[in-house]
Chemist: 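Next up is a structure, given as C-alpha cells.
This one's a predicted model, so the numbers in the text were calculated from it and none came from an experiment. Below, all heavy atoms of this structure are taken into account, side chains as well, without hydrogens, waters or symmetry copies. Both ligands and their constituent atoms are indexed starting at 1 by order of listing.
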Amino acid sequence: MYKIMTAGPTQVRENVRMARSLECTNPDLDPAFFDFYKETCEMLSKAMHTENKALILGGEGILGLEAACASLTESGDRVLVIDNGVFGKGFADFVKIYGGEPVSFVSDYHRPVELSELEAFLQKDNNFKYATVVHCDTPSGVLNDVEEISKLLDRYGIMTVADSVAGMFGEPLDLSNSKIDILCGGSQKALSCPPGLTMLWVSDRAFRAMEDRKTPIAAFYANILLFKDYYEKQVFPYTMPVSDINGLRAALENYFEMEDSIYDRHARIAAATRKALTEGGVPLYLEKGWSNTVTCIAVPEGITDMEILEGMEKDYNIMISGCFDVLAGKIVRIGHMGENCYEDKVAETLDALQGTLEKKGIQVKCDLAETFRKELA
Ligand SMILES: *Cc1c(COP(=O)(O)O)cnc(C)c1O
C-alpha cells in the first residue's frame, strides 16, 4: 500500500478504522441510533461554532454540493457562481441541472477572490437567490475568505452555499462569524475518515427557502428538507451507513482532543513546506492565498506531472496528487491535512519529491526535508 499524501482522501487513524468495524444496529429501527446520529451532528455544529443544524448524508462530498443546489434551486432562479478554481466553476453544472441560471463571477485562479472586486460586481448585478463559493479550492489550493464573502453577499440579500470539503478541520472556520447558509463538508479530507460521507450545516433561512419553494425539490437522495425533522419523526429518508458514521464519530472525538493545536499545526507544516519548496527553487502554483491543507506545485520545466507521480510511487512508495480539468498536467499536490499533517510524513514526502526531480536532472537548490525541519524547529 502506498503512503497516501494526496489532497484527499487522506490517511486514516487506527481508532477510526476500528470504529468502523464495530457491530451494526438497524439504524432505521433502533432509537439509540437516532440519539447517536443526533449527538454526532451536534458535535459537528460545535466544531463549526454554530447552532445551525448539522446533517450527515451517506454519499461522497460531491453529494453535499449537489444537495445544496438541488434543494435551493427552482426553475429560472439566478445563482451567482464564484469561480476562481475548478470546484468553484463546477457549481454552475449543479445549478443548471436543477433548472437554475448560473451567472459566473470569474476571478484569477492564482489568488483568492478580492472582496472589493466582488463588491463592484454586486453593485451592478445582485439579483441572485444564492451564491456558491469554495473555501479551499483543492486543485489550485487557493483559500477564499468565505466568512467575509458570505457577509458581503448577505448585505445584498443573497444566501451563501460554501464548499469547505477540503478546508474544514485544517483551516479554522467560524460559522457564527459568517452568513453561510449551507456549508458543505466531506469525510475524507482533513477529518481523515475514509471517503463516503457528506456533512452539511444548514441555516434556518436556508430551510425556510426550501419550505417556501413554489415547486417541489427535484431530487430525493439530494433533498435536504427530508432530513429536517428526522429526530422528531424518528425516520431517515434512507438507511444510514452505520459503520461510516461510527468512523466519523471516532474522527470527531480525535478532532476535539486536538482542537487546541490542530490549526496551528496545519499552519506551521504548510508554511514550512512552502518555505522549503521556495528555497529549493521548486515553483508554487499560487501567488498568494495558500490553504494550509494542501500545497500545489507548478510542474517544473523538464519533467511531466506523471513522471513526478510515478517516480515517487515506484521509488519511494509515496502517492501524491496530480490535477484535473483546466489544471491537468500543470500541478502536482501534496496533501498535508488531517492525519497527513505531521512533520515526519511531510519531510519524507519532500525527500521523495527531491529524489524524483533530481533523478530527472532537475536541480533543487537546497535539501527540502532539512529546510522544512529547520523551519519547524
Ligand atoms: C474533495 C472535494 C470535494 C468532494 O469531491 P469528491 O470527488 O466527492 O471527493 C468537493 N469540493 C472540494 C473543494 C474538494 O476538495
Chemist: Between Tyr231 and Lys53, is there a cation-pi geometry (under 6.0 Å to ring centre, at most 45° from the normal)?
Modeler: no
Chemist: Anything under 30° is parallel, anything over 60° is perpendicular, the rest tilted; go ahead and classify Phe236 against Tyr37.
Modeler: perpendicular
Chemist: One residue to check: Cys136. Relative to ligand 1, which of side chain, backbone, both or neither has a non-hydrogen atom less than 4.0 Å away?
Modeler: backbone
Chemist: State whether Glu42 and Lys38 are salt-bridged, where the test is any N-O pair (Lys NZ or Arg NE/NH1/NH2 against Asp/Glu carboxylate O) under 4.0 Å.
Modeler: yes
Chemist: Checking contacts here: is it the side chain or the backbone of Val165 that comes within 4.0 Å of ligand 1, counting heavy atoms only? Could be both or neither.
Modeler: side chain
Chemist: Taking 4.0 angstrom as the limit and counting only heavy atoms of Ala166, give me the atoms of ligand 1 inside it, by number and element.
Modeler: 15 (O)
Chemist: Once the angle between the rings of Phe94 and Phe91 is folded into 0 to 90°, is it parallel (under 30°), tilted (30 to 60°) or perpendicular (over 60°)?
Modeler: perpendicular
Chemist: Counting only heavy atoms closer than 4.0 Å, does ligand 1 sit against the backbone of Gln188, its side chain, both, or neither?
Modeler: side chain
Chemist: Please report whether ligand 1 has a polar contact with Asp137, defined as an N or O pair separated by less than 3.5 Å (distance criterion only).
Modeler: no
Chemist: Quick check on Lys345: does its NZ atom have over 12 non-hydrogen neighbours (other residues, nucleotides or ligands) under 6.0 Å away?
Modeler: yes
Chemist: Heavy-atom count check: over 12 atoms from other residues, nucleotides or ligands less than 6.0 Å from Gln123 CD?
Modeler: yes
Chemist: Among all protein heavy atoms, pick out the one at the shortest distance from atom 14 (C) of ligand 1; state its residue, atom name and that distance to 0.1 Å.
Modeler: Lys189 NZ, 2.9 Å
Chemist: Report the nearest protein non-hydrogen atom to atom 11 (N) of ligand 1: residue, atom name, distance rounded to 0.1 Å.
Modeler: Asp163 OD2, 2.6 Å
Chemist: Do me a favour and list the nearest non-hydrogen protein atom to atom 5 (O) of ligand 1 with residue, atom name and distance?
Modeler: Ile62 CG1, 3.5 Å
Chemist: Please state which protein non-hydrogen atom is closest to atom 15 (O) of ligand 1 and give its distance, to 0.1 Å?
Modeler: Thr138 OG1, 2.3 Å
